[in-house]
Amino acid sequence: MTTRFENGIVVTLGENNRVLWNATVVTDGELVAAIGNSAKMKRKYPDAESVDCTGKVILPGFICAHHHFYSTMARGMSIPGEPAKNFVEILERLWWKVDRALDDDDILVSAQLPLIDCIRNGTTTVIDHHASPSHRDGSLDLIEKAVRHSGLRASLCYEVSDRNIMGGGIAENARFIKKVGQGDGQIAAMMGLHASFTLSDETLEKCIGVAKDANVGCHIHVAEDLSDREDSLAKYHTTIVNRLNKMGAAGRKSIFVHCVHIDEDEMDVVAKTGTIVVHNPE
């Protein structure tokens, strides 16, 4: 079906960003067929269905490059007792309790709710990072089901961590990566890892091996808190980015999330390897 989104302010974004007034975007199915002056597009595509966008901005969909769908379940939730003293206590007393409590129904609903928010706010692609230790196997299929039903696009992974039994999800990642392959245009997969301070060299090596064999990247939290950096220096006598790079996790297909507490040497490594950094200011 061909549709004219007309009479709007079109912002193309991209390297050659343009702002076009009283303009139209013509779509043919899932593809953009044309962009131009509204009057000209109406003459060129007279039979297309029309959507009046007067007073509105038409622009490409937003991409959320790091999400935890299941964190939807913690909205408005406070930690019982005294306030957490540090980042690790927040993990132990809130997030790790939330993800352990998730069952199959929770996983599905906790994906559906943020996907609705994405649709309402113009986000069309999400890179998600999931954890549900009590209901791990098949969890990515439930999230995939929600994403496909929404019509959005997503890259999915399971958060591997040594805090959970048997590496906590290597097999779930490997299974889903094999199922999805290089992606079908709507669903893709990555190797998910929690953070340096919850991953031994042995676990990292296994995860990176799966990722390299499948030609996918790694999605991991990096130096979100100073405790992560201090742990790496104490245990491995090197910084997190250098540790991950040495193990083979860095690269153009990998995502290092946060990178709050990295030094200039680590920044150089990130730049040299072309690793993607996603900073979540909120």
Once you measure the plane-to-plane angle for His130 and Tyr70, does it fall in the parallel (<30°), tilted (30-60°) or perpendicular (>60°) bin?
perpendicular
Decide if atom [atom1] of [X] counts as having more than 12 heavy atoms of other residues, nucleotides or ligands within a radius under 6.0 Å.
{"X": "Arg120", "atom1": "CZ", "answer": "no"}
{"X": "Leu233", "atom1": "CG", "answer": "yes"}
{"X": "Lys179", "atom1": "NZ", "answer": "yes"}

Quick check against the 3.5 Å criterion: does [X] have a side-chain atom that pairs as donor or acceptor with the backbone of [Y]?
{"X": "Asp184", "Y": "Ile187", "result": "yes"}
{"X": "Asn22", "Y": "Asn7", "result": "no"}
{"X": "Arg93", "Y": "Pro80", "result": "yes"}
{"X": "Ser196", "Y": "Ser232", "result": "no"}
{"X": "Glu89", "Y": "Asn86", "result": "no"}
{"X": "Ser110", "Y": "Thr72", "result": "no"}
{"X": "Thr3", "Y": "Thr27", "result": "no"}

Could you list who else is in Met190's hydrophobic cluster, with ILVMFWY side chains joined at under 4.5 Å, directly or through other members?
Ile127, Ile255, Val257, Ile276, Val278
For a quick check under 3.5 Å, do Asn121 and Thr123 share a side-chain donor-acceptor pair by atom type?
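The answer is no; no qualifying pair exists.
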Salt-bridged, Lys206 to Asp201, with N to O below 4.0 Å?
no
Any chance the rings of His221 and His219 have centres within less than 6.0 Å?
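Distance test on ring centres: not under 6.0 Å, no.
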Could you tell me whether His67 and His129 have their ring centroids closer than 6.0 angstrom?
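So the answer is no for these two rings.
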Are Phe62 and Thr124 close enough that some pair of their side-chain heavy atoms sits under 4.5 Å apart?
no
Worked check of side-chain hydrogen bond (donor to acceptor under 3.5 Å, both in side chains) between Thr198 and Asp162
CA-CA 6 Å; Thr198 61; Asp162 285 334; over 6 Å; no
Stepwise, does the side-chain contact (heavy atoms from CB on, under 4.5 Å) test hold for Asn215 with Lys253?
CA-CA 9 Å; Asn215 195 28; Lys253 293 188 176 183; 3.0 Å; yes
For the atom pair [atom1] ([X]) and [atom2] ([Y]), what is the distance rounded to the nearest 0.5 Å?
{"X": "Ser132", "Y": "Ile107", "atom1": "OG", "atom2": "CD1", "value": "3.5 Å"}
{"X": "Ile63", "Y": "Ser155", "atom1": "CD1", "atom2": "OG", "value": "11.5 Å"}
{"X": "Ile177", "Y": "Glu172", "atom1": "CD1", "atom2": "CD", "value": "10.0 Å"}

Using the six-membered ring of Tyr45, assess whether NZ or CZ of Arg4 lies under 6.0 Å from its centre and within 45 degrees of the ring axis.
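Ring-cation test returns no.
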Passes salt bridge (charged side-chain N to carboxylate O under 4.0 Å, His left out), Glu266 versus Arg229? Steps please.
CA-CA 11 Å; Glu266 290 176 284; Arg229 177 181 178 86; 2.8 Å; yes
Show your working on side-chain hydrogen bond (donor to acceptor under 3.5 Å, both in side chains) between Thr273 and Arg252 and close with a plain yes or no.
CA-CA 7 Å; Thr273 58; Arg252 296 187 179 278; over 6 Å; no
Asp103: which residues meet the side chain to side chain contact (heavy atoms under 4.5 Å, CB included) condition with it, sequence neighbours left out?
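Side chain to side chain contact (heavy atoms under 4.5 Å, CB included) list for Asp103, sorted by chain: Asp105, Asp106, His135.
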